[in-house]
Amino acid sequence: MDYPRRTKDQLAARVAQDIFDGAVVNLGIGQPTLVANHLPAGMEVVLHSENGLLGMGSAPAEGQEDYDLINAGKQPVTLRPGGAFFHHADSFAMMRGGHLDICVLGAFQVSATGDLANWSTGAPDAIPAVGGAMDLAIGAKQTWVMMDLLTKQNESKLVEKCSYPLTGLACVKRVYTDLATFACTEQGLQLIDAVDGLSREALERIVGLPISPAQ
Amino acid sequence: MINKIAPSVEEALAGIQDGATVLIGGFGTAGIPNELIDGLIAQGAKDLTVVNNNAGNGEAGLAALLRAGRVRKIICSFPRQADSQVFDGLYRAGKLELELVPQGNLAERIRAAGAGIGAFFCPTGYGTQLAGGRETREINGKHYVLEYPIHGDVALIKAEAGDRWGNLVYRKAARNFGPVMAMAAQRTIATVHEVVELGALNPEHIVTPGIFVNKIVQIDRVATQAGGFKKAA
């Protein structure tokens, strides 16, 4: 199982490749924020942040931080020309109302049919926290997940049925991983692409689920 | 004459009762009305239900209110943060009740209270444990969960500027929950950094019309501090 895995930056670049000019996109906390660094120059993508920003820009220069201007991870950001501020009910109306084109989230598990588990490991002593995950998962026109395909214990995070608490049902359209890109459909997983030398059959063995060929 | 300008935090907060539901604006540290929370600690009301997106950062503000033992229950979306140690300790010790609400449901339930909506069907959380036991309905092939409004006895919010009618404008992403919380409480108290003459705020730019605001208090600006995330060493 020694394949040339996509690095975190290569994975972010792979996701960015599928984002189109003019898209309104929400990048979840953590790995998905890297996608912003790989959007092609000259393309206009409007980044949404759930705490009330459209047109979010990069991090400010050191010393220029303004903690009234933060992202969903509460880190300082900037606003691009054309950007706007709005209150929380409007921000989440943008999600639930189907106004966001793409939302990219991290995940603990995704099922073959697109169920998402990304807010809780279900550990009994953990302090629960959900934030905007459930609203984002079901709200955007397309929800994409970005994650390593395997856990540290080499178990597939793509599963037949999520064992972790669910964030949303049948909401994930695509899963971008370090080894391959998949579509989640009502019929199950479909291959979009894989790293060099990794066949669909080998992926099926790794994931333990049927994967239909790329179309 | 209408004059909603309160001379002090103390006067603005007078009369908040034990057992009150207090909506507190803010997302992380942005928009947290720290001076009003400090005033509430001094005012002494206890057995409170607090509604905020988070559950306090560091040791000041909402964390200090929790530490003072005044809060019975917190309704929030994201209590667990890098600096939520006060909440974490009280929650683990069983001294604080938590109602965890997805962030958009929190905003919409507050908005619904302010807009006179009895309840609404919302797709967020359908099929998850956070919707457990609640009524659901299929509408045009999509599944929804019945959500009830969150009313406040008091809302404490932070704005940028206001006038004596209570009209408010906000600053950047510190707006967050302020406008919907202002609508949803019996009594809304806002801090502003600047009190301006009537007519000085461009009516096209007013975000919260004064009808939703009962008192405003002028507070000198203190730069909002970082909070809610782990700072790189």
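Below, all heavy atoms of this structure are taken into account, side chains as well, without hydrogens, waters or symmetry copies. Naming: A, B, ... by sequence-line order, numbering from 1 per chain.
- Both the backbone and the side chain of B:R80 have a heavy atom closer than 4.5 Å to some heavy atom of chain A.
- In this structure, no portion of A:S120 lies under 4.5 Å from any heavy atom of chain B.
- For chain A, the nearby part of B:N54 is the side chain; its heavy atoms alone come within less than 4.5 Å.
- Highest contact tally toward chain B, considering only A:N51, A:L69, A:L169, is held by A:N51 [criterion: heavy-atom pairs under 4.5 Å].
- Of the residues considered (B:N53, B:N105, B:V101, B:N57), B:N105 shows the highest number of contacts with chain A, using heavy-atom pairs under 4.5 Å.
- More than 12 heavy-atom neighbours from other residues, nucleotides or ligands sit within 6.0 angstrom of CD on B:E138.
- The shortest side-chain heavy-atom distance between A:I70 and B:K172 does not fall under the 4.5 Å cut-off.
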Report task. Go through the steps to decide whether B:F27 and A:H88 satisfy the test ring-ring contact (aromatic ring centres under 6.0 Å, His included), and finish with yes or no. Result -> CA-CA 10 Å; B:F27 177 90; A:H88 251 73; 5.7 Å; yes
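- A:K74 has no carboxylate O lying under 4.0 Å from a charged side-chain N of B:D83, or vice versa, which leaves the two without a salt bridge.
- Looking at B:L106, neither its backbone nor its side chain comes within 4.5 Å of chain A, counting heavy atoms on both sides.
- Here B:Y91 contributes atom OH and A:I127 contributes atom CD1; the two are 7.0 Å apart, rounded to the nearest 0.5 Å.
- The environment of CD in A:E44 is sparse: at most 12 heavy-atom neighbours from other residues, nucleotides or ligands sit within 6.0 Å.
- Separation of atoms OG1 (B:T224) and CD (A:E65) is listed at 13.0 Å; rounding is to 0.5 Å.
- For the pair B:L130 and A:V130, the tightest heavy-atom approach, listed with the atom from each and the gap, is CD1-CG1, 3.8 Å.
- Listed for the A:D68 side chain is no donor-acceptor partner under 3.5 Å among the backbone atoms of B:R171.
- A:K141 NZ: more than 12 foreign heavy atoms inside a 6.0 Å radius.
- The distance from the CD atom of B:Q103 to the CG atom of A:L136 is 8.5 Å, given to the nearest 0.5 Å.
- Heavy atoms from other residues, nucleotides or ligands lying under 6.0 Å from CD of B:E99 number more than 12.
- Taking OG from B:S77 and CZ from A:F92, the interatomic distance works out to 7.0 Å, rounded to the nearest 0.5 Å.
- Counting heavy-atom pairs under 4.5 Å between each of B:P123, B:G228, B:G127, B:G125 and chain A puts B:P123 at the top.
- Between chain A and the residues B:A30, B:P102, B:P79, B:G28, the largest count of heavy-atom pairs under 4.5 Å involves B:P102.
- Looking at B:C122, only its side chain comes within 4.5 Å of chain A, counting heavy atoms on both sides.
- A 4.5 Å side-chain heavy-atom check between A:W119 and B:L100 finds at least one atom pair inside the cut-off.
- The environment of CD1 in B:I211 is sparse: at most 12 heavy-atom neighbours from other residues, nucleotides or ligands sit within 6.0 Å.
- Rounded to the nearest 0.5 Å, atoms CG (A:D135) and OG1 (B:T124) are 4.0 Å apart.
- Panel note: side chain B:R92, backbone A:D125; a donor-acceptor pair is recorded below 3.5 Å.
- Atom NZ of B:K73 sits in a crowded spot, with more than 12 heavy atoms from other residues, nucleotides or ligands closer than 6.0 Å.
- Of the listed residues (B:Y126, B:F87, B:Y170, B:F78), the one with the most heavy-atom contacts under 4.5 Å to chain A is B:F78.
- Looking at A:L53, the atoms closer than 4.5 Å to chain B (heavy atoms on both sides) all sit in the side chain, from C-beta outward.
- More than 12 non-hydrogen atoms from other residues, nucleotides or ligands lie less than 6.0 angstrom from CD of B:Q85.
- Counting all heavy atoms, side chain and backbone alike, B:G104 lies closest to A:R96 at O-NH2, 2.8 Å.
- For chain A, the nearby part of B:Q81 is the side chain; its heavy atoms alone come within less than 4.5 Å.
- Atom CG of A:D115 and atom OG1 of B:T128 lie 11.5 Å apart (nearest 0.5 Å).
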